[in-house]
Amino acid sequence: TSPNIAFGLLVREVKVALDKRQMYRMPWSMNDNPIAWLEVTDICNLRCEGCYRQRLTGHKTLEELREEVLFLKRWRNPDNVSIAGGEPLLHPHIVDLVAFIAAQGIKPVLLSNGVALEPEILRELKRAGLSGFTLHVDSHQGRADFAGASEADLNALRQHYAELIAAEGGLITVFNSTVYPSTYHEIPDVVRWGNAHLDIVQGLVFITYRIAATDSQTAVDSTAREVDLSRLSYATERFDEEFVTGPEVVQAIHECLPAYEPAAYLGGTLRHDSFKWIAGAVIGSGDEVYGSIGRRTMEVAQAGHHLFRGTYLAYLNQPAIGAKVFLMAPWDPAVRRAAKRWLAAVAKNPARLFRPIRLQSYGIIQAPDIQPDGRADMCDSCPDMTYFDGKLINSCRMDEYRLFGGMLSVVDRARLATAETPVPEEGASN
């Protein structure tokens with residue numbers, strides 16, 4: 001990736017080379033995937049710049065949602081259902097839905113911006129069987145109380161939510177944020193905060209921002225008919241910056257946390273060199289990180305979970321693992337290095353022997369990338385596929401189905417005027 005200057009504030013340069021041969025390719029597929037994505041509403045109480053959903057239909061009924069859960073259970077074989085929106089806490093039957101998912105033997109995980117998260121609803125959700133939260137917090141959400149705030153400023157809000165959930169106990173807490181060219185340099189502020197709270201923050205996820213610019217691009221549907229791209233919420237009049245990539249996020253994390261090593265990946269549907277999902281976890285105790293898990297540990301976790309539980313693994317019960325992760329040291333060089341650092345720390349301060357060992361997961365998602373021929377390089381074996389009109393589709397492209405009946409191809413206006421636009425084959429972007 002060539003260096004990029006955003007507002008004169010930063011220069012991005014990738015120095016950490018990722019090699020797919022040294023990482024574990026997640027064994028997930030369309031029909032055997034640990035995640036099922038359930039959209040309960042398109043109503044929201046924030047307006048995030050990077051959002052790909054707009055309000056068209058409102059809340060789904062509880063009966064509709066139950067039917068979708070059963071469809072996803074049959075066709076995804078999920079470890080968890082990611083309950084999304086819109087803002088799912090606004091749904092009037094969210095507690096009943098969580099209870100229904102839990103009754104199916106699937107982990108319900110709620111994806112929320114946290115605005116409506118209060119102790120009373122938190123207790124009700126836990127009693128209903130909720131496994132945890134993924135909370136989206138970043139500086140481009142239009143939060144009234146955080147106008148002009150940096151990612152470092154928002155750590156106070158993350159802290160509030162993490163402590164609120166930790167006080168209830170027994171729930172997974174993950175924070176995600178969209179990474180914009182202008183906020184790329186702030187990734188270390190979030191990472192350092194997360195490292196300081198290994199006891200109450202089980203994971204961090206970074207999602208790279210993507211958008212279509214209507215001044216230079218247009219879109220065509222499956223019949224090659226031009227459509228109004230501006231009708232989508234993920235289109236803007238103009239965008240002159242260079243998008244952040246997954247490997248660049250790895251670079252930013254590694255520079256402030258040298259012990260971090262990515263362990264696994266999902267590639268793209270079109271490009272052989274794509275890193276669409278990058279996964280890993282650091283090992284630490286207190287506020288000290290000793291190292292990371294490696295590809296062998298990730299492989300054992302995925303294959304072992306599928307062997308004994310029948311599903312691949314999405315959300316790990318980290319407290320139950322703890323120091324057991326060091327049992328992988330003979331087979332996993334990354335864990336072996338972490339174990340040596342931990343032993344050295346214990347030798348310096350024997351009190352560290354009694355501190356719980358914890359894992360903190362790191363996920364990086366590089367959103368769909370438009371190729372020169374108009375097709376999108378999607379996530380191979382996409383974990384966030386959802387139900388729509390009797391089939392599984394990529395959740396990030398659902399508004400194209402809702403508005404235009406299917407996925408669009410985005411092309412340069414100049415190219416459309418001088419060449420015939422190829423029509424993608426059915427499923428080419430899936």
Side-chain angles (χ1 to χ4, degrees), residues 30 33 35-72 75-76 81-94 97 111-113 136 178 207 209-214 217-237 269 365 367-370 374-379 382-411 423-430:
M30 177 185 287
N33 201 295
I35 300 174
W37 186 276
L38 181 69
E39 301 237 346
V40 303
T41 183
D42 61 9
I43 298 173
C44 194
N45 45 15
L46 287 180
R47 188 172 180 82
C48 303
E49 183 178 331
C51 186
Y52 48 72
R53 190 69 66 245
Q54 56 187 295
R55 181 171 179 172
L56 296 175
T57 56
H59 299 317
K60 294 179 182 176
T61 68
L62 184 57
E63 291 71 25
E64 288 175 317
L65 293 169
R66 285 172 174 164
E67 290 178 5
E68 291 189 24
V69 169
L70 295 177
F71 180 94
L72 293 168
W75 293 107
R76 288 292 272 178
V81 169
S82 294
I83 306 170
E87 172 50 54
L89 284 177
L90 299 180
H91 196 284
H93 302 296
I94 189 63
L97 176 63
L111 280 57
S112 172
N113 58 39
H136 190 104
T178 303
I207 306 164
Y209 178 65
R210 295 291 185 274
I211 200 164
T214 58
Q217 296 174 314
T218 189
V220 295
D221 62 17
S222 59
T223 66
R225 178 175 57 90
E226 187 172 355
V227 300
D228 183 3
L229 185 62
S230 67
R231 292 177 65 191
L232 294 170
S233 60
Y234 41 93
T236 187
E237 291 185 4
T269 54
I365 304 172
D369 293 292
I370 304 300
R375 293 181 297 166
D377 189 27
M378 304 295 292
C379 305
C382 171
D384 291 343
M385 298 195 84
T386 191
Y387 173 91
F388 181 82
D389 194 24
K391 57 183 178 289
L392 289 169
I393 66 166
N394 301 90
S395 61
C396 63
R397 309 287 296 277
M398 181 186 276
D399 274 11
E400 294 170 40
Y401 285 87
R402 298 202 299 168
L403 291 169
F404 305 110
M407 280 198 205
L408 304 179
S409 293
V410 178
V411 294
V423 178
E425 296 179 5
E426 181 67 27
S429 295
N430 288 331

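Numbering starts at 1 and runs along the sequence shown.
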From R397 CZ over to L232 CG, what is the distance, rounded to the nearest 0.5 angstrom? 9.0 Å
Scan D221, D399, I370, L403 and name whichever one has a side chain to side chain contact (heavy atoms under 4.5 Å, CB included) with L408. D221
Return yes if some donor-acceptor pair links the side-chain N/O of D377 with the main-chain N/O of P368 below 3.5 Å, else return no. no
Could you tell me whether a side-chain N or O of Q54 sits under 3.5 Å from a main-chain N or O of R231, the two making a donor and an acceptor? yes
Would you sort out whether R402 and T57 count as a side chain to side chain contact (heavy atoms under 4.5 Å, CB included), showing the intermediate values? CA-CA 10 Å; R402 298 202 299 168; T57 56; 3.5 Å; yes
Nearest heavy atoms of T214 and A235, plus distance in Å: CG2-CB, 4.0 Å
Could you pull out the closest heavy-atom pair between S82 and I35, with the gap in Å? OG-CG2, 3.6 Å
Between the CG atom in N113 and the CZ atom in R47, the distance rounded to the nearest 0.5 Å is 14.0 Å
Is the shortest heavy-atom distance from the side chain of W37 to the side chain of L72 under 4.5 Å? no
Can you list the steps and then say if V40 with K60 is a side chain to side chain contact (heavy atoms under 4.5 Å, CB included)? CA-CA 6 Å; V40 303; K60 294 179 182 176; 5.8 Å; no
CG of L90 to OG1 of T41, rounded to nearest 0.5 Å, is 7.0 Å
Using a 4.5 Å cut-off on heavy atoms from C-beta on, say whether the side chain of H93 contacts that of T61. no
Partners of E67 by side-chain contact (heavy atoms from CB on, under 4.5 Å), sequence neighbours excluded? none
Are T218 and V411 packed together at the side-chain level, in the sense that at least one heavy-atom pair is separated by less than 4.5 angstrom? yes
Smallest separation among heavy atoms of A212 and Q217, with atom names: CA-OE1, 3.4 Å
Judged by atom type as modelled, is there a donor-acceptor pair below 3.5 Å linking the side chain of Y387 to the main-chain atoms of G390? yes
Residues L111 and P88: closest non-hydrogen pair is O-CG, 2.9 Å
Provide the closest heavy-atom pair for H91 versus L65 in the form atom of the first, atom of the second, distance. NE2-CD1, 3.6 Å
Check whether any side-chain heavy atom of M407 lies under 4.5 Å from a side-chain heavy atom of N394, and answer yes or no. yes
Where P383 and R76 come nearest, the two heavy atoms and their spacing: O-NH2, 3.2 Å
Say whether Y234 and E400, considering side chains only, have a donor N or O and an acceptor N or O under 3.5 Å apart. yes
Has R53 got a side-chain atom pairing as donor or acceptor with S395's backbone, closer than 3.5 angstrom? yes
Got a sec, which residues hit salt bridge (Lys or Arg N to Asp or Glu O under 4.0 Å) with E87, two or more places apart in sequence or on another chain? none
For the atom pair SG (C51) and CG (L46), what is the distance rounded to the nearest 0.5 Å? 10.0 Å
Once rounded to the nearest 0.5 Å, what's the spacing between atom CD1 of I393 and atom CG of D384? 12.0 Å
Rounded to the nearest 0.5 Å, how far apart are CD1 of I83 and OG of S112? 11.0 Å
State whether a side-chain donor-acceptor pair under 3.5 Å links E39 with T386. no
Any sub-3.5 Å donor-acceptor pair from T269's side-chain atoms to M378's backbone N or O? yes
